[in-house]
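Input: a single structure, listed below in structure tokens.
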Amino acid sequence: MTDTHSRLLVISPHLDDAVFSCGAALAASPGAVVCTVFAGAPRDERVTEWDTQCGFADARDAMRTRRAEDAAALEVLGARAVHLHFLDAQYMEDDANTPAYIAASLLDVIHHHACDVVFIPLGLFHSDHALVHEASCIACVSDTSVTCIAYEDCLYRCMNGLVQRRIAELASQGIEATPLLEPVDAGTFQRCFETKQRAVQRYASQLRAFGPHGYDDVLALERFWTLRHV
Ligand SMILES: [Zn+2]
């Protein structure tokens with residue numbers, strides 16, 4: 001998916017999305033960078049329903065553990081973690097996270113790591129995913145020095161009509177989306193998939209909350225779309 005001279009960046013809304021949706025692709029591209037946008041910890045020790053389901057005492061405990069889980073998962077894949085300071089929607093009381101503000105931080109990461117292939121979420125569901133999709137489009141779809149590839153957000157992509165709606169919306173903005181189909185030999189596919197399975201298990205807190213079959217989609221085929229302004 002990336003040649004030996006390109007440097008891959010995967011933009012992830014939360015601490016798990018990149019590996020859930022692109023883990024096999026990451027396993028095939030050692031040295032990639034994974035930038036998680038909502039990796040910040042709130043100052044207070046609030047308790048949310050999701051964090052409680054994940055087994056955490058409070059938000060700071062949650063983010064500390066989740067960053068460590070992410071680092072461990074990316075180590076399995078041979079990728080590097082970049083954690084931005086933005087707060088997850090469950091910790092926000094206003095809409096201070098704007099697409100333009102996030103896009104500026106993403107551009108810094110793209111330039112600092114000299115990345116020329118960038119994977120971005122289609123942002124199919126959840127306000128955080130939609131926000132990162134919009135910010136990522138601002139940061140890289142028009143940049144001709146970067147190949148921009150969208151990934152289908154695992155756990156959301158099977159919801160009725162969501163992929164179709166996003167592709168139609170991109171078309172209305174003058175952005176062409178073409179399925180990325182690259183032949184991979186069976187041995188490489190198997191190796192990358194097995195590595196992804198091991199990496200996914202590092203997100204133990206999130207898997208606990210999803211339940212035994214709540215994340216089956218993560219272990220299905222990854223799907224990508226090349227985006228281009230026309
Ligand atoms: Zn997410």
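Indexing begins at 1, ligand by ligand and atom by atom, following the structure's order. Since the structure is predicted, the reported quantities are computational estimates derived from the model, not experimental observations.
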task: Classify the ring geometry between H85 and Y101 as parallel (under 30°), tilted (30 to 60°) or perpendicular (over 60°).
output: perpendicular
query: When clusters are formed by joining ILVMFWY residues with side-chain heavy atoms under 4.5 Å apart, either directly or through shared neighbours, do I11 and V82 land in the same one?
result: yes
task: If you have a sec, read the angle at the Zn ion (ligand 1) from H14 atom ND1 over to D17 atom OD2, to 10 degrees.
output: 90°
statement: Only one of R66, E69, Q53 passes side-chain hydrogen bond (donor to acceptor under 3.5 Å, both in side chains) with S205, and that residue is E69
task: Report the distance from atom CG of D153 to atom CZ of F125, rounding to the nearest 0.5 Å.
output: 11.0 Å
- prompt: From D16, does some N, O or S atom reach closer than 2.8 Å to the Zn ion (ligand 1)?
  reply: no
query: Looking at the Zn ion (ligand 1), is one of the N, O or S atoms of H126 less than 2.8 Å from it?
result: no
